[in-house]
Visitor: 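Supplied in structure tokens, the structure appears directly below.
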Amino acid sequence: MTERFDHKRIEAFWQEAWEKDRAFSSSPSNDREKYYVLEMFPYPSGKIHMGHVRNYSIGDVVARFLMMKGKNVLHPMGWDSFGLPAENAAIQNNIHPSKWTYENIANMKRQLKGLGLCYDWDREVATCAPEYYKWNQWIFLRLYEKGLAYKKLSLVNWCPGCSTVLANEQVIEGACWRCSSEVDAKELNQWFFKITEYAEELLQCTYKMPGWPERVLTMQRNWIGKSIGAEIEFKVKGAPESIRVFTTRPDTIYGVTFLSIAPSHPVVDKIASREKISEIKAFSDKLKNKTKRDIDLLEKQGIFIGASCVNPLTGEDVPVYASNFVLMEYGTGAVMAVPGHDQRDFEFAKAYNLPIKVVINPSDSALNPETLDKAYVDNGVMSPLTPFAGMSNIEAIDEILKILEQKGLGKKTINYKLRDWGISRQRYWGCPIPIVYCEKCGVVPVDLKDLPVILPEDVSFTGKGLSPLANAGAFVNTICPKCGSEAKRETDTMDTFVDSSWYFLRYCSPKELTLPFDKADASYWMPVDQYVGGIEHAVLHLLYSRFFTKAMRDLGLIGFDEPFKNLLTQGMVCKETLKCPEHGFLFPEEVKAGKCVKCNKAVSSGPVEKMSKSKKNIVDPDRIISEYGADTTRLFSLFAAPPEKDLDWNEEGVEGCYRFLGRVWRLVLDNIEFIRDVQKYDPQKDGSLRVPTPLYPTDPTKHDPHKDDSFQRKAEIMDIHTLTHRTIEKVTHDIEERFHFNTAISAIMEQVNALYLFIGSMPVEKLETNGLAKKVLRESIESLILILSPFAPHISEELWKRVGSLTPLYMTRWPDASELALLKEEFTLIVQVNGKLRSKVIVPVGATEADVRPIVLNDAKTKEWINGKSIRKFVYVPEKLVNIVAG
RNA sequence: GCCGAAGUGGCGGAAUUGGCAGACGCGCCAGAUUCAGGUUCUGGUGGGUGAAAGCCUGUGGGGGUUCGAGUCCCCCCUUCGGCACCA
């Protein structure tokens, strides 16, 4: 009886051994090439979910593989531990956010260790620790000093029911997530980081980042939203003011029939007629209180403000409208309206009976504004109504800009959609902003030597009113660092995205006391060679981190431009949902025989969706790990789909992986006597034993144990040798070049299947006496254990020890595929007749067309298909196939 | 509306450069082992047709390029993701 595969005992044993050996600790070294593998650190919400398992399994394979490849690998882990859920827990369960957070960290750390992930835990960081957030404050002050952090009035979401500010994420369809009151827009003084200063560089670098997925780069480019156009000044008729508009289509200026401005545009107060001002104000307020979605549904609306401007080129009067579709935040808050060539303006002109002018025509026809049913937005030729009749509109842009520039009424401009990053949060559980407000000195930064500004523990959580910090007198009341008189601290905390914008640098020297990180350590380890995380951070975290890197470079802290060389965005973990017509989503245990246990109605299986509590389709990693083990859990999460695709969770697939590991276990233990003390087969020394080998799988009659012919036996043994090295080659390539762990695992499975067949076809006494078989078997099993180890490290370590290795597996080199073993003397040539597979022939490697032609044409099957027809073409693809065109 | 990704057996997915479509796993079917269930081992499994060998057909749909297309080009359909009055 083979010893049972006891995953619990094995996994506990090796996890302890790795920890005791400090197997994965890292330090800079000049004799090995560095490699920094990073997975996005988790928010300590309480326990890990399958998304974490997947994310960290991917990173772990990369890290373990590269360690075995001899790289000096940095693979750290930490906690993004400031944030709102901790505060909610405080309000709901009367537990301090700090306690809640650290308990969660302890539990999740236990879970990550239970997965056998190869982290250097000596580098662990938690962003809520003063030793960490001190440096947040330090960076903030350096940015402030550089003018990259500033304060300004801006709109926030205000809940009148809770009398507090809400984050955008807390506003659900325009209402408070907690009390459902309608959320107002409110103007507050907020701190900002000047990310817009880097808009152009952030954009340009996206074209030089081949290691990032194209779709993430596209999303970032869209988010930055560069558009090239012109700013044009329209003088107000009968008033000293003028209105500046931004347009990407200066070529349409001759078609302007009105101007549209944002209702909140400051010019309204100056030029609108008295009776209109209050109407426009009301219109503007109404818009502010609507969520984006609602505005989308609104029709084009506007109010004539009672004033007109003059078209700088035609001198025509253009009435000014306050319109609901013009945003104050973009461009200049004013647009020139060209109904003939812009669809929004067209709709507005139709609704308000404004003239439509065509100034650009398609190259082959002339448009009639009377009969136009939509705006003509394509390129074309300038119409006779303009001074550039017949010229292409693209060329006309430069001509028009020249005239405007001469008149001093326009110039080329670039606009970005990217806004400065508002980092103030009216919350407690975050990093305090190190600023003091003094009546005499105004805004005063805290001295660097006085950092950190410690977040006070002794505060009360009511969920009402201002941030708990604002009520913490001992915190708020302080002394002005400049003049020493009484002053008050800033009570807002920083957005938690600030914490995560530089944590990858802190990992390089997590215990550094004088700076956020040691410059030499950072320049050794950085940039991150491989970053792995979810697509949900495509813009936010990944853009902020890029910005921070550039800003810190300009502060002289680092000497590189981009933080993450290669990025892998893994797909979501999904599962089928179950839905009862009466009770909605159900947990699997609420369904018996396809019926809801509450109402006995038939339950339909809903769509496969991302695992979430509300959809009741979550699978708890703890349960899976305890039932099947960490190795199986990791293996399944890597085998079920390629990493960037969504993964469908199904328990039968998990069982399949468990079965596979059991199969490996038995394969090794059942044959351990044959291989334990045998020397490995070395093709360099034993190369003379090589015999011509057909491709695997070979003729099934060969597996007949009674038909023992030593030549055939030898060929069969050598097939295993070849397969072993082909598998090493494929697995190495799949991990290294493609991150296709699913195909790497399937190749290992194929090797296992082949070994079972080989052993099954070989009588025991043969195995015992055949030296070559033993050697080849040992080599194959050894290499199997090694290449399986990044995926399933515990079982691999255990088997590695069992086959008699003295050093632990994690200290062992990754096997190399022997080129000699991969050499073939013959290969199977595919024979196609008229593009269809008709036969196969064995030919020597390196055969030329002249060598192959007679062999193929004499092949009986091929002859049959050619059937006397004349051969019109003979296509030979060396080492692959021939295609005979006959007819 | 714009941008992007994808569409292959009952299911998850392979096919790296245009060259044997469906590797591997799940499920299902059969045989062996077992007192029995489970386990384990072996074989089969796209569809059509056939006793079988085999033949025909087949990668969302339609066209094209090519000796040869899941892969390249054009048009269309569907699904998912992102952005969305950005002037």
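Just so we're clear, the structure is a prediction, and the values are computed from it rather than from any experiment. Every heavy atom of this structure was used, including side-chain atoms; hydrogens, water molecules and symmetry mates were not. The sequence lines fix the lettering, A, B, ..., with proteins before strands; numbering per chain opens at 1.
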Visitor: For A/Gln343 and B/C2, give me the distance from atom CD to atom P, rounded to whole Å.
Guide: 12 Å
Visitor: Any chance you could list the contact pattern along nucleotides 10-16 of chain B? Use B for base contacts, S for sugar-phosphate-only contacts and - for none, protein heavy atoms under 4.0 Å, 5' to 3'.
Guide: --SSSSB
Visitor: Using the side chain to side chain contact (heavy atoms under 4.5 Å, CB included) rule, pick out the option among A/Thr247, A/Val256, A/Val326 that qualifies with A/Val335.
Guide: A/Val326
Visitor: If you check the A/Val335 side chain, which of B/C67, B/A87, B/C24 turns out closest?
Guide: B/A87
Visitor: Measuring only the P atom in each nucleotide, how far is B/G43 from B/U17? A whole number of Å is fine.
Guide: 32 Å
Visitor: Of all the nucleotides listed (B/A87, B/C85, B/G43), which has the minimum atom distance to the side chain of A/Thr248?
Guide: B/A87
Visitor: When you measure from the side chain of A/Gln751 to the backbone N and O of A/Ser780, does any donor-acceptor pair fall under 3.5 Å?
Guide: yes
Visitor: Taking atom C1' of B/U42 as reference, at what distance in whole Å does atom CZ of A/Phe758 sit?
Guide: 18 Å
Visitor: Out of B/C24, B/C26, B/C85, which nucleotide sits closest to the side chain of A/Arg659?
Guide: B/C26
Visitor: Could you tell me whether a side-chain N or O of A/Tyr352 sits under 3.5 Å from a main-chain N or O of A/Gly302, the two making a donor and an acceptor?
Guide: yes
Visitor: Take A/Lys610 and A/Ser612 through the side chain to side chain contact (heavy atoms under 4.5 Å, CB included) test and state the conclusion after the steps.
Guide: CA-CA 6 Å; A/Lys610 181 180 179 176; A/Ser612 79; 5.7 Å; no
Visitor: Closest nucleotide of RNA chain B for A/Arg249 versus for A/Ile884: which of these residues is on the 5' side?
Guide: A/Ile884
Visitor: How close or far is atom P of B/G1 from atom CG of A/Asp378, stated in whole angstroms?
Guide: 16 Å
Visitor: Taking the P atom of each, how far is B/U71 from B/G62, in whole Å?
Guide: 13 Å
Visitor: Validate the cation-pi geometry between A/Arg853 and A/Phe874: distance from NZ or CZ to the six-membered ring centre under 6.0 Å, angle to the ring axis within 45°.
Guide: yes
Visitor: How close or far is atom P of B/C20 from atom NZ of A/Lys840, stated in whole angstroms?
Guide: 10 Å
Visitor: Just N and O in the side chain of A/Asn753: are any of them under 4.0 Å from OP1 or OP2 of B/G25?
Guide: yes
Visitor: Using a cut-off of less than 4.0 Å, is there contact between a side-chain N or O of A/Lys880 and OP1 or OP2 of B/G19?
Guide: no
Visitor: Return yes if the base of B/C67 and the side-chain atoms of A/Asn883 contain a donor-acceptor N/O pair under 3.5 Å, otherwise no.
Guide: yes
Visitor: What does A/Val539 touch in the nucleic acid at a heavy-atom separation under 4.0 angstrom: a base, only the sugar-phosphate, or nothing?
Guide: nothing
Visitor: May I ask you to say what A/Lys417 touches in the nucleic acid, namely base, sugar-phosphate or nothing, with a heavy-atom cut-off under 4.0 Å?
Guide: base
Visitor: If the C1' atom of B/A14 is compared with that of B/G70, how far apart are they to the nearest Å?
Guide: 12 Å
Visitor: If you compare every side-chain N and O of A/Arg663 against the phosphate oxygens of B/U42 (OP1, OP2), does one of them come in below 4.0 Å?
Guide: yes
Visitor: Could you tell me how far B/G60 sits from B/G10 if I compare only their P atoms? Round to whole Å.
Guide: 13 Å
Visitor: Is a donor on one side and an acceptor on the other found under 3.5 Å between the side chain of A/Tyr376 and the backbone of A/Asn379?
Guide: yes
Visitor: Is there a donor-acceptor contact under 3.5 Å from the side chain of A/His341 to the main chain of A/Thr252?
Guide: no
Visitor: Donor-acceptor pair, A/Asn834 side chain versus A/Ala886 backbone, under 3.5 Å?
Guide: yes
Visitor: Quickly work out the A/Leu542 CG to B/G82 P distance and round it to whole Å.
Guide: 15 Å
Visitor: Between B/C67, B/G19, B/C85, spot the one nearest the side chain of A/Lys873, thanks.
Guide: B/C67
Visitor: With syn defined as a glycosidic angle within 90° of 0 and anti as the rest, where does B/G9 land?
Guide: syn
Visitor: Over 60° means perpendicular and under 30° means parallel, so classify the ring planes of A/Phe741 and A/Phe791, tilted if in between.
Guide: perpendicular
Visitor: B/A87 phosphate, OP1 or OP2: any side-chain N/O from A/Ser260 under 4.0 angstrom?
Guide: no
Visitor: Mapping A/Met336 and A/Asn834 onto RNA chain B by nearest heavy atom, which one lands closer to the 5' end?
Guide: A/Asn834
Visitor: In whole angstrom, give me the gap between the P atoms of B/U39 and B/A53.
Guide: 31 Å
Visitor: With sequence neighbours excluded, tell me which residues meet salt bridge (Lys or Arg N to Asp or Glu O under 4.0 Å) with A/Asp6.
Guide: A/Arg4, A/Arg9
Visitor: Donor-acceptor pair, A/Asp345 side chain versus A/Val338 backbone, under 3.5 Å?
Guide: yes
Visitor: Rounded to the nearest angstrom, tell me the gap between atom CD1 in A/Ile397 and atom P in B/A87.
Guide: 13 Å
Visitor: Check for a donor-acceptor pair, side chain of A/Ser260 on one end and backbone N or O of A/Phe258 on the other, with a separation under 3.5 Å.
Guide: no
Visitor: Return the polar atom pairs (N/O with N/O) between nucleotides 53-60 of chain B and the protein under 3.5 Å, or none.
Guide:
residue, atom, partner, partner atom, Å
B/C56, OP1, A/Arg838, NH2, 3.2
B/C56, OP2, A/Arg838, NH1, 3.1
B/U57, OP2, A/Lys836, NZ, 2.8

Visitor: Between B/A23 and B/C73, how far apart are the two C1' atoms, rounded to whole Å?
Guide: 29 Å
Visitor: Taking B/C80 as the reference, what is the distance to B/U8 when you measure between their P atoms (whole Å, please)?
Guide: 14 Å
Visitor: Atom CD of A/Glu879 and atom C1' of B/G19: how far apart are they, to the nearest Å?
Guide: 13 Å
Visitor: How would you label the contact of A/Gly656 with the nucleic acid (heavy atoms, under 4.0 Å): base, sugar-phosphate, or nothing?
Guide: sugar-phosphate
Visitor: How is A/Glu329 classified with respect to the nucleic acid when contacts are heavy atoms under 4.0 Å: base, sugar-phosphate, or nothing?
Guide: nothing
Visitor: Students often get this wrong, so: under 4.0 angstrom with heavy atoms, is A/Val875 touching a base, only sugar-phosphate, or nothing?
Guide: base
Visitor: Run the salt bridge (Lys or Arg N to Asp or Glu O under 4.0 Å) test against A/Glu214 and tell me which residues pass, sequence neighbours left out.
Guide: A/Arg221
Visitor: Only counting residues at least two apart or in another chain, list the ones meeting ring-ring contact (aromatic ring centres under 6.0 Å, His included) with A/Phe65.
Guide: A/Trp814
Visitor: Taking the same atom, C1', in B/U66 and in B/C85, what whole-Å distance lies between them?
Guide: 48 Å
Visitor: Tell me, which stems hold RNA chain B, with a stem being 3 or more Watson-Crick or G-U pairs in a row and both distances under 3.5 Å?
Guide: B:1-7 with B:77-83, B:10-12 with B:24-26, B:27-32 with B:40-45, B:46-49 with B:54-57, B:60-64 with B:72-76
Visitor: Does A/Arg221 place a side-chain N or O at less than 4.0 Å from the phosphate oxygens OP1/OP2 of B/C2?
Guide: no
Visitor: If I take atom CZ in residue A/Arg726 and atom P in nucleotide B/C24, what distance separates them, rounded to the nearest angstrom?
Guide: 13 Å
Visitor: Establish, with yes or no, whether the OP1 or OP2 oxygen of B/C41 is under 4.0 angstrom from a side-chain nitrogen or oxygen of A/Arg666.
Guide: yes
Visitor: Does a side-chain N or O of A/Tyr756 approach OP1 or OP2 of B/U42 to a distance below 4.0 Å, or not?
Guide: no
Visitor: Side chains of A/Lys412 and A/Ile228, heavy atoms from C-beta outward: is any pair under 4.5 Å?
Guide: yes
Visitor: Nearest to the A/Ser227 side chain among B/G19, B/A87, B/G81, which nucleotide is it?
Guide: B/A87
